[in-house]
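Convention: sequence-line order gives letters A, B, ...; per-chain numbering from 1.
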There are 2 protein chains.
Amino acid sequence: MILEKKKAFNAYAAKQGLRSTRQRDVILDVFLATRQHLSVEELYLKVKASHPGIGFATVYRTMKLLAEAGIARELTLKNGQARYEHQLAGEHHDHLICTGCGAIVEFEDETIEQLQREIAERHGFTITSHRMDLFGLCPGCRGTTAG
Amino acid sequence: MILEKKKAFNAYAAKQGLRSTRQRDVILDVFLATRQHLSVEELYLKVKASHPGIGFATVYRTMKLLAEAGIARELTLKNGQARYEHQLAGEHHDHLICTGCGAIVEFEDETIEQLQREIAERHGFTITSHRMDLFGLCPGCRGTTAG
DNA sequence: CTTGCTGCAAACAGTTTGCAGAACT
DNA sequence: AGTTCTGCAAACTGTTTGCAGCAAG
């Protein structure tokens, strides 16, 4: 599936007249190699580990590109920092976010999606995207009396 | 209902040993006098209109206080800017946000709330809060061939 | 060769903070 | 009088941008 994504990006790049560069390859690889929701900084650190020359701005620029290409999805967490997750074509999922340890669990619920569509329709809105985040404590943090 | 809120804040302030100041009164009044979702800057401008002496930082500090007191709710929009809305005790609502004109429509859906609780339970999470935002075009912006 | 991309550092926007003086209790 | 709060400006954080040199096509 990593290859698929790479192809998807190459297709997008070709269509947009973008160049294929070493940096973009590296950043895409690093992004695809992880399953977590990464901040740009985390991404940058991982990239720099193997390719020290790559700069901060390039990571930002490339992640924006991946988002436009439909490969990454940008999340705006509560602290205002952006995080990126994999975007699976056509699919959508939401998040359970543990306020204790920061863990993020993904879930999908077709019934809710359907209700959202109905609500939007009722208000005459044409929905292009949505986000739903449930904040609370995960099983681990609930047990631990972490003060 | 404005009085209720003021009392609620006074109660909170008393409990926390906070002082009642002119600035806090003014900011609370301005906040309660509007039904929109205000950014701190907008709030600051409104406050300054009638009370030019009040500073930016005080508005920030006071809004944080109102959020802690359960009177205001802080929203994190996509651009990372904070906005505040009224928090109605016990109630919760979500948002339809027009990406064209920025309009925010509030809605409530008990079925979705219920489904959210079930999902959380299924994953062993104890939910403390949640947010759901649907982004798209409102009827007005959909009609207008803007762009 | 031409044009887009990169890396750097400086610019930016929104928010927070340190401090001296003012105001509440 | 004691202490919290305020206003200012400077600091900070995350992100974007201008520019000279580099590299892909």
Side-chain angles (χ1 to χ4, degrees), chain A residues 6 9-31 37-69 72-84 102, chain B residues 6 9-30 37-69 72 74-84 102:
Chain A
K6 289 198 181 189
F9 181 63
N10 289 338
Y12 176 83
K15 198 171 58 188
Q16 300 291 313
L18 302 176
R19 288 185 180 167
S20 151
T21 68
R22 197 167 146 51
Q23 288 88 333
R24 287 179 182 165
D25 273 2
V26 170
I27 295 168
L28 181 53
D29 276 348
V30 166
F31 173 65
H37 299 71
L38 296 167
S39 67
V40 179
E41 194 186 355
E42 289 163 349
L43 229 14
Y44 168 65
L45 290 176
K46 277 174 183 287
V47 164
K48 213 174 57 166
S50 53
H51 298 76
I54 295 182
F56 219 69
T58 302
V59 179
Y60 271 99
R61 289 189 273 230
T62 302
M63 290 317 293
K64 281 264 179 289
L65 235 45
L66 295 184
E68 281 163 28
R73 182 155 78 114
E74 189 175 322
L75 311 176
T76 310
L77 258 18
K78 261 184 176 162
N79 60 61
Q81 192 178 162
R83 285 184 173 271
Y84 287 92
Chain B
K6 289 197 181 191
F9 180 63
N10 288 338
Y12 176 83
K15 198 171 59 187
Q16 301 291 313
L18 303 175
R19 287 184 181 168
S20 152
T21 69
R22 196 168 146 49
Q23 288 89 333
R24 287 179 182 164
D25 272 2
V26 171
I27 295 168
L28 181 53
D29 275 347
V30 167
H37 299 72
L38 297 166
S39 66
V40 178
E41 193 185 356
E42 288 162 349
L43 228 15
Y44 169 65
L45 291 176
K46 277 176 184 286
V47 165
K48 214 174 54 167
S50 53
H51 297 76
I54 295 182
F56 217 70
T58 303
V59 179
Y60 271 100
R61 289 188 273 229
T62 303
M63 291 315 295
K64 280 264 180 289
L65 235 44
L66 295 185
E68 281 164 27
E74 189 176 321
L75 310 176
T76 310
L77 258 19
K78 261 185 176 163
N79 59 61
Q81 193 178 161
R83 284 183 175 272
Y84 287 90

With sequence neighbours excluded, what pairs up with A:A82 under the side-chain contact (heavy atoms from CB on, under 4.5 Å) test?
->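 A:E74.
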
Can you tell me how far apart [atom1] ([X]) and [atom2] ([Y]) are? Round to the nearest 0.5 Å.
X     : Y     : atom1 : atom2 : value
A:F31 : A:E42 : CZ    : CD    : 12.5 Å
A:L66 : A:I27 : CG    : CD1   : 8.0 Å
A:M63 : A:R83 : CE    : CZ    : 12.0 Å

Check the distance between [N]'s [atom2] and [X]'s [atom1] and give it to me in whole angstrom.
X     : N      : atom1 : atom2 : result
A:F56 : D:dT16 : CZ    : P     : 11 Å
A:E42 : D:dG14 : CD    : C1'   : 13 Å
B:Y60 : D:dA10 : OH    : P     : 18 Å
B:H51 : D:dG7  : NE2   : P     : 11 Å
A:L43 : D:dG14 : CG    : P     : 15 Å
B:L65 : D:dT6  : CG    : C1'   : 13 Å

Can you see which heavy atom on [X] is nearest to which on [Y], and at what distance?
X     : Y     : result
B:L65 : B:Y12 : O-CE2, 4.2 Å
B:L43 : B:V30 : CD1-CG1, 3.9 Å
B:Q81 : B:S39 : OE1-CB, 3.1 Å

Counted 5' to 3', the first and last nucleotides of DNA chain C within 4.0 Å (strictly under) of a heavy-atom of chain B are C:dG14 to C:dT25

In residues 44-58 of chain A, what donor-acceptor pairs under 3.5 Å come from side-chain atoms, sequence neighbours left out?
{"from": "A:S50", "atom 1": "OG", "to": "A:V47", "atom 2": "O", "distance (Å)": "3.4"}

When the rotation axes relating C1' atoms of four end pairs to the next four are compared across the helix from C:dC1-D:dG25 to C:dT25-D:dA1, five pairs an end, they differ to 10° by 30°

Which pairs, with at least one residue in residues 15-25 of chain B and sequence neighbours excluded, count as a salt bridge (charged side-chain N to carboxylate O under 4.0 Å, His left out)?
->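 Every pair satisfying salt bridge (charged side-chain N to carboxylate O under 4.0 Å, His left out) with a residue in residues 15-25 of chain B: there are none.
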
Go along nucleotides 20-25 of chain D 5' to 3' and tag each nucleotide: B for a protein heavy atom under 4.0 Å from its base, S when only backbone or sugar atoms are that close, - otherwise.
-> ---BBS

B:R61 or A:R61: which one's nearest nucleotide on DNA chain D is closer to the 5' end?
->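 Taking each residue's closest nucleotide, the earlier one in sequence belongs to B:R61.
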
Would you mind classifying the nucleic acid contact of B:G17 as base, sugar-phosphate or nothing, using non-hydrogen atoms under 4.0 angstrom?
-> nothing

Contact class for A:R24 vs. all strands (heavy atom < 4.0 Å): base, sugar-phosphate, or nothing?
->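 Result for A:R24 = sugar-phosphate.
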
Run the numbers on B:K6 and B:L28 for side-chain contact (heavy atoms from CB on, under 4.5 Å), then give the verdict.
-> CA-CA 8 Å; B:K6 289 197 181 191; B:L28 181 53; 4.1 Å; yes

